[in-house]
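Below is one structure, written out as structure tokens; comments come after it.
Letters A, B, ... mirror the listed sequences (proteins, then strands); counts begin at 1.
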Number of protein chains: 2
Amino acid sequence: MPQRREVRDKVTIVEIADAAGVSKSTVSLVLTGRGSVKPETRERIRQAMDALGYVYNRGAANLRNTQSKIVGLVLNDLSNPFFAEFAIGVETVLQMAGYVAFMANTSESVVRQTQVMRMMREHGAGGIILCPALDTKPEDIAWAGGLDTALLVAIRRLPGVAASVVIPDNVAGAARVTRHLLNLGHKRIAYLGGMHSMVVRQDRFQGCAEAMAGAGQAIDPGLNIESMPTRDGGFTAMGSALALPDRPTAVVCYNDVVAIGAMLAAAKRGLVVGRDIAIVGFDDTSEARHVSPALTTIAVDAGGLGERAAAMLLERITNPASPATTHIGPADLVIRESCGAYQHALAAAG
Amino acid sequence: MPQRREVRDKVTIVEIADAAGVSKSTVSLVLTGRGSVKPETRERIRQAMDALGYVYNRGAANLRNTQSKIVGLVLNDLSNPFFAEFAIGVETVLQMAGYVAFMANTSESVVRQTQVMRMMREHGAGGIILCPALDTKPEDIAWAGGLDTALLVAIRRLPGVAASVVIPDNVAGAARVTRHLLNLGHKRIAYLGGMHSMVVRQDRFQGCAEAMAGAGQAIDPGLNIESMPTRDGGFTAMGSALALPDRPTAVVCYNDVVAIGAMLAAAKRGLVVGRDIAIVGFDDTSEARHVSPALTTIAVDAGGLGERAAAMLLERITNPASPATTHIGPADLVIRESCGAYQHALAAAG
DNA sequence: CCAATTTAATGGAACGTTCCATTTTATTCT
DNA sequence: AGAATAAAATGGAACGTTCCATTAAATTGG
């Protein structure tokens, strides 16, 4: 007696060929759209395909091709809306080009990052967009020189790595928002949040310091305070800033989430943000708009950076001879309430 | 004369074998860790691998295996922090199990959703977690009965589809928050946001209506107002609610983002939310905590749902005989300021 | 020390596709 | 109509791996 069939085995190209009374080569032709096949035959094959529920096996195809049509996107912190926006931008461009993104979240873990990138390469990713986890070392991506997988580093640049780069103009943005505070009359300005080892902090701090220098001022070293780049980090950093005998009158924060933590700390001490003290952020995440008072910050267009990153990577994939390039995106000042500009203007008018 | 070599071709298992003076079968053995090979030989092979920069070709391997170790995650709206949290939960569990997630964002487009799921199946995904785009029809995922790719539907259930399901307890959650409002003395309660065709809205509205009925009340049909499930949608829906001759005193919203839009509309009309009118949300996204006044809402633990979804899918992948199951996660009331409970308590005490 | 056993290592045939070199069939030109 | 050409269809050898059936080498037992 015939044994009950356990699992219907995958339907392949030759079964389609049999069903359509044609050779497997012909089926391949209609699949890839490469040769010329009689419309009538094509139709017969198409019908056989959905009748049998055929699904194309890209693994098998890539075995000959090398063209994998997949790219990896490695994010250090998907819970940060900034990176979600970035990812959406990447995805949009990729999907238009018929590529599919292989996305993964490392939660700032370098070992996870390594694992995930290995997996992606093993699956034949033609390129990887990497937003590196903290403490990523050049040797963690030693393969980057190779020709099989193109690498693009985004958001956090990675000194000493041969790869294309897409970042916002951190130093110009920080300089811009600092000048805004200087124009409002602030002199005693603090820089809050982020760890000293982060290149992004270095860049932003540098912009801030340059703007101060341009106005003949300098940042008091005691007002340059590190913290984790989190809400809690901002909260405690602001706490120590306010405990100082000579408080700052304005605070530029590493990013929006630090700024929001700092606002909480100020409020807790009875200060009205925007009146008693100015606080500004960086990134312009959607939270910046909805927090109260609304946060003055630097908009870097996360989605746009993502689109640009994807486009640049695609270019390098399709044309491997092209050199690695660097794109530095705009960083625009968005004035809201937390800097006190509005109240300042009122006072000037009144 | 020899032509300059264009691209170093991929190094394969047999090149490793040659370099290590061994057969390709032996290399395969150490790669898979299946047979027994002398430690000394294993070491020699390992060294050859990193000397030549070998990268495992999973496509080729899967050709024999069928075990792909990849699963797809299809999200309808990555820009919503709720789904980002969900995705992180999924990713965490998947990565522990040695799987890699293939993540894609559809932005509520059914055609994009179809494309992306086809791609994933073509790449050999063993399963797909789908947060369906609006207007997804059962026939859009007709393949779901097949045995090659397991399907799990999350967050928005999809009537008429043979798949496992993971959703929060929408009706219980909505009932709970509605009872809370009833306990605060509200009688004229509106339901705001979401389109009538969405099953999630149907469930939440049902919970709300049941709670009202339990208190001998009913929702005035004129206070059941549809809108897009966005901030703008909430804003305009609230606008029309407030334009009514007989205004609601409390509003339960489809989700947090609608609620935040509604709060803006109320504030614009000079109402103090939490005092002049109660507004509550659903989801407990991180924005709910930071908006002012802080939003009373229903917490559904997006991350936990994600973890559960991944675990359930993995179970079905490794054991295809197991039946499709449904998990309904908890929905807990989080009382903050926007419902006025605090002021209510003060008044009662004073 | 030889047989029996265990441990290591090896060919070679798949797996599902592509693509080159051919062959078959249809179309056009004089 | 017959030759020349163009269009359509086909075998079969890759691609990089796994795994079964073997063989070779090492270990054990009496």
Side-chain angles (χ1 to χ4, degrees), chain A residues 7-46 48-49 52-70 119 121-126 148-149, chain B residues 7-46 48-49 52-70 119 121-126 148-149:
Chain A
V7 169
R8 175 165 42 120
D9 36 24
K10 273 193 175 59
V11 17
T12 101
I13 208 179
V14 342
E15 298 176 51
I16 303 299
D18 290 354
V22 92
S23 80
K24 63 181 166 42
S25 304
T26 308
V27 179
S28 175
L29 254 28
V30 356
L31 241 22
T32 59
R34 254 186 264 277
S36 69
V37 17
K38 185 157 28 168
E40 170 182 279
T41 321
R42 186 195 312 278
E43 189 48 33
R44 199 149 30 91
I45 292 174
R46 282 259 149 73
M49 291 201 294
L52 301 191
Y54 171 72
V55 11
Y56 185 60
N57 185 334
R58 257 168 222 278
N62 290 160
L63 211 46
R64 303 243 2 177
N65 265 2
T66 305
Q67 323 239 41
S68 83
K69 288 285 187 186
I70 99 174
M119 273 273 194
R121 299 179 64 214
E122 290 178 357
H123 277 289
D148 43 350
T149 310
Chain B
V7 169
R8 175 164 43 119
D9 36 23
K10 273 192 177 59
V11 17
T12 102
I13 209 180
V14 345
E15 300 177 51
I16 303 299
D18 289 353
V22 91
S23 81
K24 64 179 165 41
S25 304
T26 308
V27 179
S28 175
L29 254 28
V30 356
L31 241 23
T32 59
R34 255 186 263 277
S36 70
V37 16
K38 187 157 29 168
E40 170 182 277
T41 322
R42 184 195 314 280
E43 190 47 33
R44 199 150 30 91
I45 292 175
R46 281 260 150 72
M49 293 201 294
L52 301 190
Y54 171 73
V55 11
Y56 186 59
N57 184 333
R58 257 168 222 280
N62 290 160
L63 210 46
R64 305 242 2 178
N65 265 3
T66 305
Q67 323 237 43
S68 82
K69 288 286 188 184
I70 100 173
M119 273 274 194
R121 298 178 64 213
E122 290 178 356
H123 277 290
D148 43 349
T149 311

Legend entry - Rounded distance (nearest 0.5 Å) linking atom CG of A:L52 with atom CD1 of A:I16: 4.5 Å

Inset, instruction - Using atom CD1 of B:I45 as one end and atom C1' of D:dT17 as the other, report the distance to the nearest whole Å. - result: 15 Å

Legend entry - A:D148 with A:R121: basic N within carboxylate O range, under 4.0 Å: yes

Inset, instruction - Kindly say if B:T12 contacts the phosphate of D:dG16, meaning a side-chain N or O under 4.0 Å from OP1 or OP2. - result: no

Inset, instruction - Pick base, sugar-phosphate or nothing for A:S28, based on heavy-atom distances below 4.0 Å to the nucleic acid. - result: base

Inset, instruction - Rounded off to whole Å, could you give me the CE-to-C1' distance for the B:M49 and D:dT17 pair? - result: 14 Å

Inset, instruction - Let me know the distance between CZ of B:R64 and P of C:dT17, rounded to the nearest Å. - result: 15 Å

Legend entry - Distance test, side-chain N/O of A:R34 to OP1/OP2 of C:dT18, below 4.0 Å: no

Legend entry - Distance, rounded to the nearest Å, where B:K10 contributes NZ and D:dG16 contributes P: 9 Å

Inset, instruction - Grab the CD-P distance between B:E40 and D:dA25 for me, whole Å please. - result: 15 Å

Inset, instruction - List in chain and number order the residues that pass salt bridge (Lys or Arg N to Asp or Glu O under 4.0 Å) with A:R44, two or more places apart in sequence or in another chain; answer none if no residue qualifies. - result: none

Legend entry - Residue whose nearest DNA chain C nucleotide is more 5′ - B:L29 or B:L63: B:L29

Legend entry - the helix from C:dC1-D:dG30 to C:dT30-D:dA1: angle between end helix axes, five pairs per end, rounded to 10 degrees: 30°

Legend entry - Candidates D:dT10, D:dT18, C:dG11 - which lies nearest the side chain of A:S25: D:dT10

Legend entry - Integer-rounded Å distance: D:dG16 P and A:E122 CD: 15 Å

Inset, instruction - Side-chain contact test, heavy atoms from C-beta onward, threshold under 4.5 Å: evaluate it for A:L29 versus A:R42 and give yes or no. - result: no

Legend entry - Out of D:dG16, D:dC19, C:dT18, whichever nucleotide has its closest atom nearest the side chain of A:I13: C:dT18

Legend entry - Length of the line joining B:H123:NE2 and C:dG16:C1', which is rounded to integer Å: 15 Å

Inset, instruction - With heavy atoms under 4.0 Å as the rule, sort A:R58 into base, sugar-phosphate or nothing. - result: nothing

Legend entry - Spacing of A:K38 atom NZ relative to C:dT24 atom P, expressed in whole Å: 17 Å

Inset, instruction - Could you verify whether a donor N or O on one side chain and an acceptor N or O on the other, from A:S28 and A:S25, lie under 3.5 Å apart? - result: no

Legend entry - Distance in Å, B:T12 OG1 paired with B:N57 CG, rounded so as to fall on 0.5 Å steps: 9.5 Å

Inset, instruction - Ignoring backbone atoms, test whether B:S36 places a side-chain nitrogen or oxygen under 4.0 Å from the OP1 or OP2 oxygen of C:dA8. - result: yes

Legend entry - Closest nucleotide among D:dA9, D:dT17, C:dT10 to the B:T26 side chain: C:dT10

Legend entry - Rounded distance (nearest 0.5 Å) linking atom NZ of B:K24 with atom CD of B:E15: 14.0 Å

